[in-house]
Colleague: 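Would you mind keeping the following structure in view while I ask a few things?
A note on names: the letters A, B, ... follow the listed sequences, proteins ahead of strands, and every chain is numbered from 1.
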Amino acid sequence: MRNGFTEKLRQSAIELGEFSVNDLAHKIPVYTYKDKHKIIRVLGVLKRQGEIASIRMGHYRYQEKKKPLSQQAKIWRAIRIKEYFTRRDIVKLSGASDVYVRRYLNFLKGEGFIEHISGWGYKDALYRLTDPATAPLEKPLFNSNRKAKQERR
Amino acid sequence: MKDKIIMTDNMGDFEGMVENLTLKPERQDRIGLVYGRWGSGKTTTMEWHYANNSCFYVRAMAAWSRSVTMMVEDILRSYRVEARGRFKQDIRELVRAAKKQRLPLFIDEADRVVRKSLLIETVRDIHDLAKIPIILIGQENIINLLQRRDLGQVFSRITEIVEFRELSAQDIQRIAKELCDLECDLKVASFIKTITLGDFRLANALFTRAENLCGLNKLSEITITIAKEAASALPGPNEDRKGIERKDFVTNENLSATG
């Protein structure tokens, strides 16, 4: 029940953008003082979690919590946008090290997500995404731990 | 030269624009426009942003002007939703998918979208119904195309505009420092800016040569002499003209052959 109220409040906050407690009470809607106090309590929690920021006294703004992308996700997204690429392109776009990019590319090649077309080395080896239309949005998970490798074997 | 992307003034403006659009409340209009000359770094900035942030990207095709269905299918594909091949259902599915993700959608080569009112009106519908930020990226003339009288309702929804200008002297100094580890005087940076017309690709070629020259002469700063020497390797406007003259196909022989 509590989750339901928080979700309602979140949706209203997203739609309003900038708001006061009264605006939220109208939007949800809320008719009793008890529920209004509940709004203030939930606002406090969301503020602590970083979803809501206080602009000035009694006025708030909704700000989406941004999760930073992982290194693998960055590499995968760089591959998806380039479609044809060299290791150098991916290092430039993702900011990851060449060693990490090479290991991840080898994993993707093994799984059949990418193909090696021509050339060798950092600047000249050209790869391509095997099927851009069906390449998954989420990164293919690669566990570089030695333990995981041994388990796979 | 190091393999990394330098945050230029244009990139800073671009990031600021996307941030502003994302932070705006959903009830406000959230269409952004990015335009600029070729070689100003629009596509590189877009690729870098896509790789490092959660968003969706679609490149407009010339064939979109023939069928709106193709545009809807391509955008759906970018959301990894399979199109059913029925326009009405696909549009509804697209709005649902965009609403669910609530992430900005970038449309590259948007000049092609803007030229046909049905396409840009569909984009407007997606923006209004799904309430997501949409960023159009195009060439210089996109702004003129959008100011057409019949597209007033679209132009009024554009709340953030970024123009990609040529590189500034400060950008050139920053590039020299971060990519080549070389100092560059403001006077020299201005000279490089004039020579390369602020084009990123030409500046890149010049810096590669300047870095080699500095390495040979064991210098840690790009001097005006080095910059002039490096600039001599760049293709000049006279060479282009020669190329055009060489391809002069209308000769007396051709004329006599055709009668």
Colleague: Within a 6.0 Å radius of atom CD on A/Glu138, are there more than 12 heavy atoms belonging to other residues, nucleotides or ligands?
Modeller: no

Colleague: Using a heavy-atom distance cut-off of less than 4.5 Å, which residues of residues 22-36 of chain A contact chain B?
Modeller: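 Within residues 22-36 of chain A, no residue comes under 4.5 Å of chain B, counting heavy atoms only.
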
Colleague: So which part of A/Pro132 gets closer than 4.5 Å to some heavy atom of chain B, the side chain, the backbone, both or neither?
Modeller: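 Only the backbone of A/Pro132 comes within 4.5 Å of chain B.
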
Colleague: So how far is it from A/Lys123 NZ to B/Asp3 CG, rounded to the nearest 0.5 Å?
Modeller: 7.0 Å

Colleague: Are there over 12 heavy-atom neighbours, none belonging to B/Lys2, within less than 6.0 Å of that residue's NZ?
Modeller: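 More than 12 heavy atoms, drawn from other residues, nucleotides or ligands, come within 6.0 Å of this atom.
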
Colleague: Please look at A/Leu137 and chain B and tell me whether the side chain, the backbone, both or neither of the residue comes under 4.5 angstrom of a heavy atom of that chain.
Modeller: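 Both backbone and side chain.
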
Colleague: Can you check whether B/Pro25's main-chain N or O pairs, donor with acceptor, with A/Arg61's side chain at less than 3.5 Å?
Modeller: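 Such a contact is absent between A/Arg61 side chain and B/Pro25 backbone.
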
Colleague: Side chains of B/Tyr57 and A/Arg80 only: does a donor on one sit below 3.5 Å from an acceptor on the other?
Modeller: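 No.
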
Colleague: Between B/Asn52 and A/Leu93 (side chain of the first, backbone of the second, donor and acceptor by atom type, cut-off under 3.5 Å), is there such a pair?
Modeller: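 Answer holds: yes.
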
Colleague: Would you say B/Gln28 has more than 12 foreign heavy atoms packed within less than 6.0 Å of its CD?
Modeller: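 Yes, enclosed.
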
Colleague: Rounded to the nearest 0.5 Å, what's the gap from CH2 on B/Trp48 to CZ on A/Arg77? Could you check?
Modeller: 13.0 Å

Colleague: Do you know the tightest heavy-atom contact between B/Arg80 and A/Thr134?
Modeller: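 Residues B/Arg80 and A/Thr134, closest heavy atoms: NE-C, 4.3 Å.
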
Colleague: For a 4.5 angstrom cut-off between non-hydrogen side-chain atoms, does A/Ile14 reach B/Arg102?
Modeller: yes

Colleague: Name the member of B/Arg27, B/Arg77, B/His49, B/Lys4 that forms the most heavy-atom pairs with chain A at distances under 4.5 Å.
Modeller: B/Arg27

Colleague: Using heavy-atom distances under 4.5 Å, tell me whether A/Ala13 contacts chain B through its side chain, its backbone, both, or neither.
Modeller: neither

Colleague: Side chain from CB out, backbone as N, CA, C, O: work out which of these in B/Ser54 comes under 4.5 Å of a heavy atom of chain A, or both, or neither.
Modeller: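 For B/Ser54, the contact with chain A is made by backbone and side chain together.
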
Colleague: Just checking A/Tyr122: does its OH atom have more than 12 heavy atoms from other residues, nucleotides or ligands closer to it than 6.0 angstrom?
Modeller: yes

